[in-house]
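It should be emphasised that the depicted structure is a prediction, and the values quoted were computed from it without experimental measurement. Chain letters run A, B, ... following the sequence lines, proteins first, then strands; residues in each count from 1.
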Amino acid sequence: MTSQIRPVLVLFAFLTLMTGVVYPFVVTGIGTALFPDAARGSLIVRDGQPIGSRLIGRSFTEPKYFWGRPSATATAPYNALASGGSNQGPLNPALEEAVRGRIEALRTADPGNGALIPVDLITASASGLDPHISVAAAQYQVARVANARGLPATQVGELVVGHTSERWLGLFGEPTVNVLALNLALDDIAGRVGE
Amino acid sequence: MTIAAIVLGLAVLALATVCGRPLGYYIADVLDGKATPRSRFRFNIERWIYRVAGVDAERETGWKQYAVGVLLFSVVGTLFVYALQRLQAVLPLNPQAFGAVTPDSSFNTAVSFVTNTNWQGYAGESTMSHLTQMAGLAVQNFVSAATGIAVAAALIRGFARHTSTTIGNFWVDLTRVTLYVLLPLAAVMALVLVSQGVIQNFDAYKEVTAVAQGSTQTLPMGPVASQEAIKELGTNGGGFFNANSAHPYENPNTLTNFIQLFAILLIPIALTFTFGRMVGDARQGWAVLAGMAILFVALWLVAVHFEQQGNPVFTQVGADVARSDTQPGGNMEGKEARFGVGASALFVAVTTATSTGAVNTMHDSMTPMGGLVPMFLMQLGEVAFGGVGSGLYGMLIYALLGVFIAGLMIGRTPEYLGKKIEAFDMKMTSIAILATPFVVLIGTAVAVSVEAGKIGVANPGAHGFSEILYAFSSAGNNNGSAFAGLSANTPFYNTALGIAMWLGRFWVLIPVLAIAGSLAAKKRAPVTAGTLPTHGPLFVVLLIGSVLLIGALTYVPALALGPVVEQLMMSGEK
């Protein structure tokens with residue numbers, strides 16, 4: 001056993017150095033050189049200021065914005081310092097109550113809309129930071145957003161189409177709409193009209 | 001069930017098998033120490049480090065010394081990861097100035113990463129410094145996986161050799177697998193992940209200013225891609241962030257999700273080819289692989305089916321849960337929009353059929369039967385592909401049990417790969433097979449009996465029991481995924497699950513090495529007309545039968561109290 005002390009200490013130190021120091025620094029060096037934007041968080045920069053990330057969702061609750069997935073992160077929705085889901089079981093009464101509340105909020109903001117609500121718009125995401133909603137969830141909100149902004153529904157609808165990512169290879173994953181990018185584009189239209 | 005979901009799963013399996021074959025042969029060459037072309041540089045590094053470490057690379061050892069090496073290396077690793085967490089406040093690369101992790105959480109996390117479990121009681125983005133993540137946790141992602149492969153290699157050598165007193169040199173196996181197999185694969189995969197948006201930097205967290213109506217948001221940063229790559233390749237599963245592979249910075253799109261699924265399956269599948277190559281009969285490897293694949297596909301399809309059916313509660317309150325061209329439908333609670341139901345349910349099966357435990361969906365919010373699938377896959381001992389190394393040696397243990405049962409039926413001494421399976425081998429097999437059920441069921445029983453265990457439950461009723469059963473199934477089988485509603489970052493759970501992980505790893509690993517030593521010493525029995533062929537469909541059925549027999553007999557009563565009751569209640573909702 002004592003004859004194994006030297007190998008264990010030396011090899012542990014050596015492998016820690018290789019996999020725990022050399023490896024991450026080399027990957028960081030090459031990664032940031034080749035893909036500087038992606039390696040640093042895919043940030044959206046306006047006027048030199050980072051205002052969000054294309055990959056991390058934000059909370060929107062005003063009628064004139066598209067709303068994202070409900071977020072169950074601690075203390076506040078879309079808290080990027082506490083990613084996670086609700087972890088509510090399927091028959092937990094608290095889950096049913098939460099879902100009812102979300103439906104209520106959507107209906108109140110858009111009383112004229114009698115369509116069924118797409119399930120992803122009333123269920124909390126896994127990360128609590130989901131940047132996307134389904135195409136159906138975006139379409140459900142088009143009339144409300146157009147109404148609140150005084151824009152034609154067709155224009156808002158086209159904007160949704162423009163911010164839709166199709167399935168990978170036309171088959172895998174789900175088509176999605178990036179909520180933050182879409183809302184920024186809406187504000188850009190408002191900004192242009194204002195000028 | 002959708003065609004796309006099935007095609008996705010089959011595509012991942014096919015690609016991992018196509019790539020696994022050459023990789024498996026390469027791993028066999030690495031383990032045999034065969035010089036590959038252009039290897040002069042590598043072997044110089046090796047020779048240099050062996051000289052410093054006082055290792056004679058030419059000298060192999062018996063199983064006992066091999067086991068001592070594994071244990072010592074794991075103990076040193078545990079102490080180091082523990083110390084790193086306790087001292088991170090005064091160490092560099094801690095831009096958020098995180099304080100020391102509590103003693104019980106540090107113990108739990110150290111054991112968790114050393115045993116290839118990667119159970120996480122903590123939330124990464126609010127607990128661990130960059131240094132702890134990369135020099136403590138990610139290092140164990142590499143070396144615990146390499147340890148698994150080394151032990152599997154030792155067992156294969158036991159079959160391949162005869163009248164031999166040695167089964168290999170642990171230090172050499174460990175070093176070669178880490179440097180020549182895991183590091184190059186991880187480096188390539190990490191860069192691909194970065195190109196898709198997985199972050200890789202040493203920055204402080206970024207405050208982003210208010211946009212539109214949104215308030216400010218603080219974005220976590222860190223060397224994520226480098227850790228993500230080995231997290232999947234080594235079937236470790238410990239996320240950089242609390243949300244693991246559901247977090248957009250760990251798994252931003254469908255392509256990265258596909259790569260992660262592929263990476264999880266790659267080495268476990270490759271090792272079945274390594275096995276075939278090293279025992280000199282490729283058909284033996286195919287038979288083991290077929291048994292694994294059949295178990296996996298059957299359970300995976302159950303998960304897809306129930307998750308796509310969704311939760312009747314959502315239908316009742318007026319949601320549209322039908323899958324269409326514009327929405328995923330199904331049970332979307334705890335799932336990400338970009339993955340939908342198909343890619344989420346596949347990830348659930350892949351991560352628990354192996355010992356990974358990474359998640360891209362919150363298992364706690366799955367439908368009852370959907371959630372039974374990951375629990376049962378773990379309870380089967382994670383042998384349907386299984387962990388890196390541990391899956392293969394786990395499945396070979398079941399092969400020994402299978403030939404033993406067959407031998408009893410026809411009244412012959414059982415043989416496997418030309419080795420007579422005798423009393424000592426079966427004793428060790430029994431220990432290896434019974435160790436994890438013992439840990440899981442006793443652990444669950446204790447936790448549901450004491451206040452400290454019950455207090456952590458988040459969901460009422462049968463689901464609360466499932467949370468506890470899941471936690472011990474995950475820890476005892478070194479998986480690491482969770483029904484995460486359970487508040488497990490308490491002294492009780494950190495200690496109990498830490499012990500479960502340690503026993504679940506080494507009470508299997510040490511008997512496996514004992515079997516390796518015993519088999520290596522045996523003479524090779526000649527093949528006769530009475531020898532059971534272990535490469536045909538009959539053997540595959542025998543293998544699957546052994547796994548299901550043990551798994552079902554052991555766990556059906558416990559499962560009936562959790563997910564089965566909950567499913568019956570859900571049926572009543574309709």
*Asks:* Any side-chain heavy atom of B:H247 sitting closer than 4.5 Å to one from A:I56?
*Replies:*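 The answer is yes, as the side chains (C-beta and beyond) meet within the 4.5 Å cut-off.
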*Asks:* Decide if atom CD of A:Q155 counts as having more than 12 heavy atoms of other residues, nucleotides or ligands within a radius under 6.0 Å.
*Replies:*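 Yes, CD of A:Q155 has more than 12 neighbouring heavy atoms, counting only those of other groups under 6.0 Å.
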*Asks:* Determine, stepwise, if the pair B:L174 / A:L15 fulfils side chain to side chain contact (heavy atoms under 4.5 Å, CB included).
*Replies:* CA-CA 9 Å; B:L174 172 76; A:L15 293 175; 3.8 Å; yes
*Asks:* Whether the side chain of B:N459 engages the backbone of A:G89 through a donor-acceptor N/O pair (distance < 3.5 Å, no angle test) should be reported.
*Replies:*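 Judged by distance alone, yes, a pair lies under 3.5 Å.
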*Asks:* So how far is it from B:H463 NE2 to A:L91 CG, rounded to the nearest 0.5 Å?
*Replies:*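 The distance works out to 9.0 Å.
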*Asks:* Test A:F172 against B:F339 for side chain to side chain contact (heavy atoms under 4.5 Å, CB included), laying out the working first.
*Replies:* CA-CA 8 Å; A:F172 299 135; B:F339 304 137; over 6 Å; no
*Asks:* B:F314 and side-chain contact (heavy atoms from CB on, under 4.5 Å): which partner among A:I117, A:I103, A:V119?
*Replies:*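 Option passing the side-chain contact (heavy atoms from CB on, under 4.5 Å) with B:F314: A:V119.
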*Asks:* Under a 4.5 Å heavy-atom cut-off, does chain B meet the side chain of A:Q49, its backbone, both or neither?
*Replies:*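 When you check distances to chain B, only side chain atoms of A:Q49 fall under 4.5 Å.
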*Asks:* Contact part of B:V224 toward chain A, heavy-atom cut-off under 4.5 Å: side chain, backbone, both or neither?
*Replies:*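 Contact with chain A is absent: no heavy atom of B:V224 under 4.5 Å.
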*Asks:* Would you sort out whether B:N311 and A:L95 count as a side chain to side chain contact (heavy atoms under 4.5 Å, CB included), showing the intermediate values?
*Replies:* CA-CA 11 Å; B:N311 185 343; A:L95 173 64; 4.1 Å; yes
*Asks:* For the atom pair CG (A:L43) and CG (B:L219), what is the distance rounded to the nearest 0.5 Å?
*Replies:*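 Rounded to the nearest 0.5 Å, the CG-CG separation comes out at 6.5 Å.
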*Asks:* Please flag which part of A:P93 lies under 4.5 Å from any non-hydrogen atom of chain B: side chain, backbone, both or neither.
*Replies:*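 Just its side chain gets close to chain B.
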*Asks:* Are A:Q4 and B:W171 side-chain neighbours, meaning at least one heavy-atom pair lies under 4.5 Å?
*Replies:*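 In contact.
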*Asks:* Does any part of the side chain of B:V208, heavy atoms only, come nearer than 4.5 Å to the side chain of A:P50, both counted from C-beta?
*Replies:*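 The answer is yes, as the side chains (C-beta and beyond) meet within the 4.5 Å cut-off.
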*Asks:* Could you check if a side-chain atom of A:T32 sits within less than 4.5 angstrom of a side-chain atom of B:Q200, using non-hydrogen atoms only?
*Replies:*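 The answer is no; the side chains never approach within 4.5 Å.
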*Asks:* Quick one: does A:R6's side chain have a donor or acceptor within less than 3.5 Å of a partner on B:V52's backbone?
*Replies:*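 It does hold such a pair.
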*Asks:* Do B:Y249 and A:S83 have a side chain donor and acceptor closer than 3.5 Å?
*Replies:*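 B:Y249 vs A:S83: no donor-acceptor pair found between side chains.
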*Asks:* Roughly how far, to the nearest 0.5 Å, is the CD1 atom of B:I45 from the CE atom of A:M18?
*Replies:*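 Spacing of CE (A:M18) from CD1 (B:I45) equals 5.0 Å.
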*Asks:* Which bit of B:T218 comes within less than 4.5 Å of chain A, counting heavy atoms only: side chain, backbone, both or neither?
*Replies:*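 Both the backbone and the side chain of B:T218 come within 4.5 Å of chain A.
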*Asks:* With a 4.5 Å cut-off on side-chain heavy atoms, are A:R46 and B:T209 touching?
*Replies:*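 They are not in contact (no side-chain heavy atoms under 4.5 Å apart), so the answer is no.
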*Asks:* Any chance you could measure A:L169, atom CG, to B:L8, atom CG, to the nearest 0.5 Å?
*Replies:*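 Rounded to the nearest 0.5 Å, the CG-CG separation comes to 10.5 Å.
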*Asks:* Taking the side chain as every heavy atom from C-beta outward, state whether A:S53 and B:Q217 have any atom pair closer than 4.5 Å.
*Replies:*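 SC-SC contact between A:S53 and B:Q217 ruled out.
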*Asks:* Between CZ of A:R40 and CG of B:D203, what distance do you get to the nearest 0.5 Å?
*Replies:*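 It comes to 6.0 Å.
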*Asks:* Would you check if the side chain of A:D130 reaches a backbone N or O of B:A337 as a donor-acceptor pair within less than 3.5 Å?
*Replies:*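 Side chain of A:D130 to backbone of B:A337: a pair is present.
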*Asks:* Please tell me if the side chains of A:F25 and B:M134 come closer than 4.5 Å, counting only heavy atoms from C-beta onward.
*Replies:*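 Yes, side chains in contact.
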*Asks:* Do A:T19 and B:T178 have side-chain heavy atoms sitting under 4.5 Å apart?
*Replies:*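 Heavy-atom side-chain distance check passes, below 4.5 Å.
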*Asks:* Measure B:L179 against the heavy atoms of chain A and call it side chain, backbone, both or neither at under 4.5 Å.
*Replies:*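 Interface part for B:L179: side chain.
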*Asks:* Which region of A:R69, side chain (C-beta onward) or backbone (N, CA, C, O), has a non-hydrogen atom less than 4.5 Å from a non-hydrogen atom of chain B, or is it both or neither?
*Replies:*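 Side chain only.
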*Asks:* Please look at B:V313 and chain A and tell me whether the side chain, the backbone, both or neither of the residue comes under 4.5 angstrom of a heavy atom of that chain.
*Replies:*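 Side chain only.
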*Asks:* If I measure from the heavy atoms of chain A, does B:N244 come under 4.5 Å with its side chain, its backbone, both, or neither?
*Replies:*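 B:N244 has no heavy atom closer than 4.5 Å to chain A.
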*Asks:* Among B:K335, B:R323, B:Q327, find the one that has a side chain to side chain donor-acceptor pair (under 3.5 Å) with A:E174.
*Replies:*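 Single pass found, and it is B:R323.
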*Asks:* Test side chain to side chain contact (heavy atoms under 4.5 Å, CB included) on B:T175 and A:L11; report intermediate values, then the result.
*Replies:* CA-CA 8 Å; B:T175 307; A:L11 284 173; 3.7 Å; yes
*Asks:* So which atom in B:A4 and which in A:L171 form the shortest heavy-atom distance, rounded to 0.1 Å?
*Replies:*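 Scanning both residues completely, I find the closest heavy atoms to be CB-O, 3.6 Å.
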*Asks:* At a heavy-atom distance under 4.5 Å, which candidate from A:S86, A:S134, A:S127 has the highest pair count against chain B?
*Replies:*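 Maximum pair count with chain B is reached by A:S127.
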*Asks:* Look up atom CZ in B:R338 and atom CH2 in A:W168, then write down how far apart they are to the nearest 0.5 Å.
*Replies:*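 Answer for the CZ-CH2 pair, B:R338 versus A:W168, is 15.0 Å.
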*Asks:* Keeping A:N87 on the side-chain end and B:D364 on the backbone end, is there a donor-acceptor pair under 3.5 Å?
*Replies:*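 No: the side chain of A:N87 does not pair with the backbone of B:D364.
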*Asks:* Does A:Y23 use its side chain to pair, donor to acceptor, with the backbone of B:S226 at less than 3.5 Å?
*Replies:*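 Present.
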